[in-house]
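Everything on this sheet refers to the single structure shown next.
Just so you know, these numbers use all the heavy atoms, side chains as well, and skip hydrogens, waters and symmetry mates. Reminder, nothing fancy here: chain letters follow the sequence lines and each chain counts from 1. Since we're looking at a predicted model, the values are computed, not measured.
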Amino acid sequence: MVELNALSACDGLLPVEHGRLTLREETLGAITSLAPFKGQGKALSAALQAAHGVGFPAPNRMEVSGDVACVWTGRDQAFLLGPQPDAGLGAMAAVTDQSDAWAVVLLSGEGAEDVLARLVPVDLRPAAFPLHAAVRTELGHMAVSIMRIEAGLRIMAFRSMAATLVHELSDAMAAVEARRRLS
Amino acid sequence: MRIPCPICGTRDRREFYYQGAASMLDRPAAEAPLEVWHDYLHLRDNPAGGTRDLWYHASGCGSWLVVERDTVTHEVLGAALVEACDAD
Ligand SMILES: [Zn+2]
């Protein structure tokens, strides 16, 4: 039997710090896409609530209960973050394991919104993007999901884009920090 | 330019892909005359004023939208889903 070592998507790339800004990788456990079948949205939400303590999120929102989160990621689609999905969910939705498909990073520190303002065409300041808000948008030309959690702004990008994601964010962090030093 | 996605809210134009005139939704019957198919495939109005176009919210929710806008003032007048979400 070959001994294989699991590497995270941002292995060797993170953490990165620029002044008061920090970018680090997050490990969420399982990432499962849930796409409710026709007419099954409410039933799926109820089953999710019973099994995992979170409902199916409204657009631009995430639902959180302890270590479990369910984040809206598109039309009739959400990701369950954390636990292995209850087997019963498969009766109401297309359920796919995407745990190894995503690079998940957390941007935190004063000025995190200024960093993303350079890369993302959505207003992510707290007044417009409060706790547990979530958007599907783009960062540069990469498709991303962004959500606000207590610890900062979480960004999920395709795993194959991990190095580009870190590069773009790190450059913007350095630029924001340089400007702060000048002012 | 911003487009009011009925699902995501008002979002920047760069999140959207432009397809063309919304008349593409009015597909003729398979046995329709050749002239009707020719009109559907190739002939487009070029209005000065209100127009209806198909846009895809590629970097957002992934919905096809019919966006109404004014080609003279560039005002975006509204957007509607081509098909309603069907999970609920
Ligand atoms: Zn949308």
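- Shortest non-hydrogen contact noted between B:Asp86 and A:Asp76 is N-OD2, 3.4 Å.
- Proximity to chain A involves both the backbone and the side chain of B:Arg14, based on heavy atoms less than 4.5 angstrom apart.
- For A:His141, the NE2 atom is loosely surrounded, since the number of other residues' heavy atoms within 6.0 Å does not exceed 12.
- Nearest heavy atoms, A:Asn60 versus B:Ile7: ND2-O, 4.0 Å.
- In this structure, B:Arg11 and A:Arg136 approach most closely via the heavy-atom pair NH2-O, 2.6 Å.
- Atom CZ of B:Arg52 has 12 or fewer heavy atoms from other residues, nucleotides or ligands within 6.0 Å.
- Residues A:Val68 and A:Val64 are members of separate hydrophobic clusters, defined by side-chain heavy-atom contacts under 4.5 angstrom among Ile, Leu, Val, Met, Phe, Trp and Tyr.
- More than 12 heavy atoms of other shown residues, nucleotides or ligands fall within 6.0 angstrom of atom CG in A:Asp171.
- A:Leu34 and A:Val71 are assigned to two separate hydrophobic clusters, defined by single-linkage of ILVMFWY side chains at heavy-atom distances under 4.5 Å.
- Annotation: maximal heavy-atom pairing with chain B below 4.5 Å, among A:Gly39, A:Ser45, A:Pro36, occurs at A:Gly39.
- Counting all heavy atoms, side chain and backbone alike, B:Gly62 lies closest to A:Arg75 at O-CD, 4.2 Å.
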